[in-house]
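Chain naming here is simple, since letters A, B, ... match the order of the sequence lines and numbering starts at 1 in each.
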Amino acid sequence: MVLQAIANGVVEGSVIALVALGLTVVFAVSRLLNVAHGDYLTFGAYATFWASQGLKLTVPLAALVGVVTTIVLGLFFHQLVFRKLIRSSIAALVASIGIALLVRHAIIFMAGTGQQTYDLPLYRAWRIGDLRIIPTDLAVVAISLSAITLVHLLLRYTSLGREMRAVADNPELARVSGIRASRVYVTMWVVALALAALAGMLLGARTVIQPYLGWDVLIPAFAAAILGGLGNPYGAILGALVIGISQDLAVLWVSETYKSAIAFVILALMLLYKPTGLLGRKEAVR
Amino acid sequence: MLAAIKLAVEEINQAGGVLGKKVVVISEDDQTDPEAAVRAAKKLIEVNRVSAIIGTWSSGVTMAVLPLTTKAGIIEMNTSGAPEISKIGKETGLVYRTQASNTLFGVVFSKVALKEGFKRAATMAFNNPSGLGNTQEFAKNFVAAGGVITASVVYEGGRTTYRSELEKALSSKPEVIVMGSYLPDTTIILKEWYQLNEPMHFIAPAWAVNDRLIKSVGAEVAEGVYAVDAVPNFGSKSYARFAEAYQKATGQKVTENPYSAMVYDATTVLALAIEAAKSTDPAVFKKYIRDVSGPPGQRVYSFAEGVTALKSGKAINYEGASSAIDFDESGDVRPAFGVYKVEKGKINLKYIIKP
């Protein structure tokens, strides 16, 4: 039972990690708490759905369409709104709430509030001892892990990644050393939006696609990002796994009714004893 | 639902209106959202000065609107399930529902489980008055009839997975899982259950198990799931007439949206009560609602028939399209229930239960 709960938690955590990673990358570079991230995710799920059902594209192609259109949508709002609000993170936060509502209700207007599903086959679980592993879940973890590795490689080993980290560490210093901020912002959005679209597809494939898909996962993802130390990509992943596993473990002892609350109990304890988060540094909180 | 209300009003106005005046419907969209519903109800009460609000569907919406209608002293007629609504109806005499309460759903769930030969059951409930009402009443009746409840799982809605909740229910080794659930969560739970590859039977309300669910999860996953819902008053003259008019107006069958018949009846009963009371003041006509809809009295099947009988001084008993519409002291009805089973991607009516 304990092993099974941990396995379930890893699966749930790996999806939350994708969302939390997107949130934290945006925060690290631009100090924006992007509330619209959840609805970008929903949009990615729907765009993929439309591409696969409407245009009859194959799954990988539809996924590509989903990622690209989500990036286009996000960059559009960057150009239109966030680019002009870089100096005021509060104004940008409020604007992101507005964009979240706009995107969500545009989706409701086009697709209705009913649920949709991808036309994917369901596979029966494998039994390994007492453990039951669903093949689809394994695929979800694998895809999530590959995406996280890609982001890691980008941040660590490319000049764009180095520029992003430089801006995250100290925007003024980065500017005087000749890093072009606009290029960094666009890269940041491309990474975050691709992660959002991917998370949307994985969530949609595991569950159902509905207009509140992203909004529902935003709160645990924020919790994970803060738990790991907001702005720290590795902290966000760790935070997501901690939240995913502890929620599923807790069900063994606490009533499952309180499952959603577990994330916040952990978060509250963490903020009491180590306000910078698991991997956060002091200067990350300004 | 609005289409059904309009059909009823059309019939009423064709028969000369209520107290010689045409009835006007003012509609607002509650968006199945308690907040939007409260705003809409405030507008209807304060701006339009309506004497009744008809057709709130979600229990959450009805519970949110009731304090307003009670304070304004107007009638509220809904198709919600929450057991708490009965209590308010009993106290105020202002609340009437043409849908069966969850208490009654629980009774029927238990009858279905026993009839299908299940002795051990687990319950899974969406954490809201309706979900809890269904499963708690089921458990009470099932245990009283000698059944065993192996686990009672209550889950929060809006989650991306219910796997650990489902495994908790499955690991208690029940023969059937009884659900107090909605469409999205039922979709996810059934998908996860199928992948876990553990044989199990499910009984769920029909608003969660319907054609949309089968489309979402596929015929193979949904195979053998039981769905339970109140059925229209098949065989009554009012059902025959309404079914035809409704299909003509919307292109939809009444059985696809049983709530249409419920609000149709609510509207008709309301008009008959006002006619009988000769007053549009809710404080006056509220006690006529039970009189015109329940026995004793001459059975009538339409507004026109009812008005003719009332004018000749007779007591009437309206028999509706959704049920016989005999309100009890809490403003609740006791419709018959249909038990459906998913077979090869189709939902087939298997038998009718009268609670």
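Within 6.0 Å of CD in B/Glu220 there are 12 or fewer heavy atoms belonging to other residues, nucleotides or ligands. Heavy atoms from other residues, nucleotides or ligands lying under 6.0 Å from CD of B/Glu35 number 12 at most. Atom NZ of B/Lys43 is surrounded by more than 12 heavy atoms from other residues, nucleotides or ligands within 6.0 Å.
Only the backbone of A/Tyr123 comes within contact range of chain B, with heavy atoms under 4.5 Å apart. With a 4.5 angstrom heavy-atom cutoff, B/Leu183 touches chain A via backbone and side-chain atoms both. Within the 4.5 angstrom heavy-atom criterion, atoms from both the backbone and the side chain of A/Leu122 approach chain B.
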| Steps toward salt bridge (charged side-chain N to carboxylate O under 4.0 Å, His left out) verdict (B/Glu198, A/Arg127) | CA-CA 11 Å; B/Glu198 188 112 330; A/Arg127 274 171 181 278; 3.2 Å; yes
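Identified by a heavy-atom distance below 4.5 Å to chain B, the contributing residues of residues 12-24 of chain A are A/Glu12, in residue-number order. Within residues 159-174 of chain B, the residues approaching chain A closer than 4.5 Å by heavy atoms are, in numerical order, B/Arg159, B/Thr160, B/Thr161, B/Arg163, B/Ser164, B/Glu165, B/Glu167, B/Lys168, B/Ser171.
Atoms CD and CG, on B/Glu156 and A/Asp216 in that order, are 11.0 Å from each other to the nearest 0.5 Å. Residue A/Asp137 holds its CG atom at 6.5 Å from CD of B/Gln195, rounded to the nearest 0.5 Å. Remark: A/Gln4 CD to B/Leu196 CG distance equals 7.5 Å, nearest 0.5 Å.
Nearest heavy-atom pair across B/Pro184 and A/Gln115 is CA-OE1, 3.0 Å. The two residues A/Thr207 and B/Lys191 have their closest heavy-atom pair at O-NZ, 2.7 Å. Nearest heavy atoms, B/Thr187 versus A/Val208: CG2-CG1, 3.3 Å.
Of the listed residues (B/Val217, B/Asn127, B/Ile188, B/Val221), the one with the most heavy-atom contacts under 4.5 Å to chain A is B/Ile188.
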